[in-house]
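Read the structure below first, then the notes.
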Amino acid sequence: MQEGVFKASGHLEGFSDWLVDCPGCKKRFRIDKLDKKGESEYQCPECKEIINTQKNKPRQFNLMLKTNMSATEDEPYYAYLRPETAQGIFVNFINVLNTTNKKLPLGIAQIGKAFRNEVTTGSFVFRMKEFEQMEIEYFVNPADAASYYESWVRERFDFYINKIGLRKENLRLRKHEKDELAHYAKACTDIEFMFPFPAKDGSASGGCWSELEGIANRGDFDLSEHARVSKKDLMYFDSEKKEKFTPYVIEPSAGVDRTFFAVLSDAYHEEEVQGKTRVVLKIKPELAPYRVAVLPLLKNRPELVELAKNIFYDIKKRIPAIYNDTGAIGKLYRRQDEVGTPFCVTVDVDSLGDGCVTVRERDSMRQERVAKEKVFDFIEKGN
Ligand code: GAP
């Protein structure tokens with residue numbers, strides 16, 4: 001988006017990290033991520049040298065990625081890759097309002113790429129320069145903002161448990177202190193997940209509470225600033241109360257990549273089964289790549305393969321399914337356990353006679369004979 005948008009939003013001025021260089025290993029770190037060891041003293045996480053911020057002065061580093069949209073170098077026209085999807089929504093707010101004739105509260109949601117020039121990327125997909133955000137800007141009457149903020153925090157916390165299936169003990173809420181609030185925020189609560197990073201003391205076990213999503217009360221900061229810079233009226237007229245005001249915005253802002261990471265980490269289990277380790281992804285059926293796998297017990301019996309394929313084609317019309325005959329049955333089960341397939345359907349020689357198949361459930365490994373016509377209903381009920 002063009003520079004003016006980010007001038008108005010405050011990102012040109014305020015969207016930056018304080019970085020400091022370690023005098024020992026010369027690496028650069030975010031000061032807010034270092035362990036404080038004393039007045040103006042921090043410990044380098046790499047070489048353990050003490051970094052004294054009186055001698056090694058921290059410097060501000062803007063996180064936005066800048067590009068030149070102009071055809072010529074001497075007349076530059078600067079634009080920036082968006083650091084959050086939110087700003088597109090703010091500059092379109094009045095178009096959406098006028099074309100839909102909606103009343104407040106009005107929510108506009110967007111999913112898409114965001115870009116930040118992060119210094120310390122890594123920890124799998126936790127922090128990247130290019131990532132995927134899903135944001136809702138929820139426009140409300142300022143008088144209702146505090147209660148909508150509270151209800152969005154609850155709503156979003158419940159979402160991760162009930163809709164995504166994360167374990168409650170791996171989730172917590174953390175309110176931002178006044179001095180850590182983003183430049184636009186009046187209040188913010190993070191939903192944190194126990195990510196499987198090494199703990200702060202360096203031990204590999206234990207994990208680390210880190211942000212999965214933030215819910216902010218952005219007040220009228222963005223609309224007011226865009227109105228001021230663009231000289232456009234971005235106010236809302238409440239025709240019932242006959243009052244005109246700039247809406248406040250409650251913003252649930254989530255990362256797709258971090259959600260994906262949390263789901264994998266939460267669902268990953270290793271179990272002992274008959275002296276061997278079974279890896280199983282206990283993922284919610286709705287999130288599993290396949291809801292069911294159809295497996296013929298013997299692949300050198302054409303009539304058995306044909307029956308298995310017919311069952312597979314029939315189920316595939318309704319739910320994501322996979323057919324696999326590339327190994328012995330034990331191995332095929334393990335592969336499906338690893339990708340979290342909730343049910344396996346095995347077609348054996350008896351199936352040719354009695355028309356029944358074996359349905360195996362992922363978590364309990366319980367097996368049941370089911371008539372082939374009833375397989376779909378059985379699976380749906382089990383979910
Ligand atoms: N509009 C508000 C906003 O962007 P944020 O806390 O900076 O707030 C929201 O980002 C979410 O985006 C985070 O909770 C996280 O899930 C995700 N996110 C932010 N920076 C990220 C990065 N560098 N890599 C992956 N995900 C990131």
Side-chain angles (χ1 to χ4, degrees), residues 1 5-6 8-12 14-17 19 29-30 32-33 61-65 80-93 107-139 149 152-153 156-157 159-160 164 166 170-177 180-195 197 208-223 225-226 248-266:
M1 302 181 90
V5 171
F6 297 110
S9 70
H11 283 86
L12 269 188
F15 195 61
S16 49
D17 284 338
L19 303 183
F29 301 98
R30 267 171 68 174
D32 61 330
K33 297 284 170 201
F61 179 80
N62 195 291
L63 288 169
M64 284 200 301
L65 290 143
Y80 295 81
L81 300 185
R82 60 180 180 193
E84 56 172 8
T85 54
Q87 293 308 321
I89 298 179
F90 293 128
V91 298
N92 278 316
F93 166 69
I108 306 178
Q110 173 141 35
I111 178 168
K113 291 284 184 198
F115 303 84
R116 296 182 191 176
N117 203 1
E118 304 274 6
V119 244
T120 38
T121 51
S123 302
F124 187 37
V125 294
F126 186 83
R127 185 165 286 110
M128 299 184 288
K129 295 195 188 221
E130 175 184 344
F131 54 99
E132 191 102 3
Q133 278 191 324
M134 35 193 182
E135 297 192 300
I136 301 172
E137 307 306 319
Y138 199 72
F139 298 88
Y149 168 67
W152 270 113
V153 170
R156 297 300 304 154
F157 192 78
F159 167 84
Y160 287 105
I164 300 286
L166 300 183
N170 282 337
L171 289 163
R172 72 173 188 191
L173 294 173
R174 191 182 69 81
K175 267 203 171 94
H176 281 211
E177 301 294 336
E180 61 171 323
L181 286 173
H183 63 274
Y184 50 72
K186 285 189 178 313
C188 185
T189 300
D190 282 347
I191 297 173
E192 294 191 331
F193 178 76
M194 179 57 83
F195 281 96
F197 307 142
C208 214
W209 288 108
S210 302
E211 177 184 340
L212 180 59
E213 165 167 351
I215 299 106
N217 177 352
R218 293 180 78 127
D220 62 359
F221 179 87
D222 300 272
L223 287 182
E225 285 303 296
H226 285 301
Y248 270 28
V249 172
I250 309 304
E251 178 200 60
S253 173
V256 178
D257 313 277
R258 285 189 194 176
T259 306
F260 169 75
F261 187 1
V263 166
L264 282 191
S265 154
D266 193 89

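Numbers here are sequence positions counted from 1. In listed order, ligands and their atoms are each counted from 1. Note that the structure is predicted; figures quoted are calculated from it, not measured.
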Report, in ascending order of atom number, the atoms of ligand 1 lying under 4.0 Å from any heavy atom of Glu251. 1 (N), 2 (C)

Could you list the atoms of ligand 1 found under 4.0 angstrom from a heavy atom of Glu135? 1 (N), 2 (C), 3 (C), 4 (O)

One thing to verify: whether Lys33 and Glu118 come together as a salt bridge, which I'm taking to mean a side-chain N less than 4.0 angstrom from a carboxylate O. no

Checking a contact table here: which protein heavy atom is nearest atom 18 (N) of ligand 1, and how many Å away? Phe131 CE1, 3.4 Å

Does Arg218 come within less than 4.0 angstrom of ligand 1, counting non-hydrogen atoms of the residue? yes

Checking a contact table here: which protein heavy atom is nearest atom 10 (O) of ligand 1, and how many Å away? Gln133 NE2, 3.4 Å

Glu84: numbered ligand 1 atoms lying under 4.0 Å from its heavy atoms: 1 (N), 2 (C), 3 (C), 4 (O)

For ligand 1, which atoms have a heavy atom of Glu213 less than 4.0 angstrom away? 14 (O)

Do Glu213 and Tyr160 have side-chain atoms, one donor and one acceptor, less than 3.5 Å apart? yes

For ligand 1, which is the ligand I care about here, please tell me if Arg116 has any N or O atom under 3.5 Å from one of the ligand's N or O atoms. yes

Per-atom contacts, ligand 1 versus Arg127 - under 4.0 Å to a heavy atom: 22 (C), 23 (N), 24 (N)

Heavy-atom contacts with Met128 under 4.0 Å: which atoms of ligand 1 show up? List them by number with element. 22 (C), 23 (N), 24 (N), 25 (C)

Would you say Asp257 touches ligand 1, if touching means a heavy atom closer than 4.0 Å? no

